[in-house]
Protein chains: 2
Amino acid sequence: MSLAQIEYFVAVAQEGHVGRAARGLRVAQPAVSRQIRRLEDELGAALFVRTPRGMQLSDAGHVFLAHARAILTSVRDARDALRRERSRT
Amino acid sequence: MSLAQIEYFVAVAQEGHVGRAARGLRVAQPAVSRQIRRLEDELGAALFVRTPRGMQLSDAGHVFLAHARAILTSVRDARDALRRERSRT
DNA sequence: GGAGTTTACGAATGTCGTAACTATC
DNA sequence: GATAGTTACGACATTCGTAAACTCC
């Protein structure tokens, strides 16, 4: 599990669409598609249900989404805290 | 910033010692040393004060440690939640 | 000289993008 | 045939471990 995978996952969950998520992330579709699959493989759970229209969160996906957002928030908090500390002089 | 870097950082912060941290992580010392430096470079802050005896947390390091632990806890929570969901059958 | 950390370098791993493939409407 | 996702493959980047170097007592 990598931070990039978590970012990709959240983007796809929000868009319901690998292509749009990839554009937003400024990355090619296959990169997103691959990372999502690796994440699912590692976690041993299908996070999305593939439909002809796009990707929909599975039950496991809904569970994971909340935690994924918490992780990204923690990372942002860590960066912000250091930025403040650095400019504290 | 990667999850491995954060794990390495927490291990070194706890041990105050790259060598011991590396042994605990089952990884060679240089791997840990390099990742710590890259993390510091990316964050633009020295997380440790190097002493002849080992590594001590800097002020910025103390600030970052709390957030680093929060990130790893979030990751563990995410994994646990999925494990429960998976075994919910 | 010993304890600890960092740099050098080649090997292995991972990730990316383009292009081709599959499937559904 | 258009739309959406995935696989193949070669190129690029990152990470690792071993070995050598540096630093402070």
In whole angstrom, give the distance that lies between atom OH of B/Y8 and atom C1' of C/dT6.
16 Å
With nearest nucleotide decided by heavy atoms, which residue, A/A28 or B/V18, maps closer to the 5′ end of DNA chain C?
B/V18
Is the distance from OP1 or OP2 of D/dG5 to the nearest side-chain N or O of A/R53 less than 4.0 Å?
no
B/R50 CZ to C/dT6 C1', in whole Å, measures 9 Å
Around atom CZ of A/R50, are there more than 12 heavy atoms of other residues, nucleotides or ligands at under 6.0 Å?
yes
Rounded to whole Å, the CZ-P distance (A/R23 to C/dG17) equals 14 Å
Starting from P on C/dC16, measure out to CZ on A/R34 and report it in whole angstrom.
6 Å
Counting only side-chain nitrogens and oxygens, does A/H17 get under 4.0 Å of the OP1 or OP2 atom of D/dT3?
no
I want to verify a distance call: between D/dG17, C/dC25, C/dT6, whose nearest atom is closest to the A/P52 side chain?
C/dC25
Examine distances only and state if a side-chain atom of B/E42 and a backbone atom of B/M1 form a donor-acceptor pair shorter than 3.5 Å.
yes
Rounded distance (Å) that lies between atom P of C/dT7 and atom CD1 of B/I36:
13 Å
Choosing from C/dA19, D/dG5, C/dT6, which nucleotide comes nearest the side chain of A/P30?
C/dA19
Can you list the residues that meet the ring-ring contact (aromatic ring centres under 6.0 Å, His included) rule with A/Y8, with sequence neighbours excluded?
none
What is the distance from CD of A/Q29 to C1' of C/dG17, rounded to the nearest Å?
10 Å
If you measure from the Lys or Arg side-chain nitrogens to the Asp or Glu carboxylate oxygens, is any gap between B/D41 and B/R38 under 4.0 Å?
no
Measure the distance from CZ on A/R37 to P on D/dT7 and round it to the nearest whole Å.
5 Å
For the side chain of B/Q35 and the backbone of B/S2, is there at least one donor-acceptor N/O pair under 3.5 Å apart?
no
Calculate the interatomic distance between A/I6 atom CD1 and C/dT15 atom P; express it in whole Å.
13 Å
May I ask you to verify if any side-chain N or O of A/S33 is less than 4.0 angstrom from the OP1 or OP2 atom of D/dG5?
no
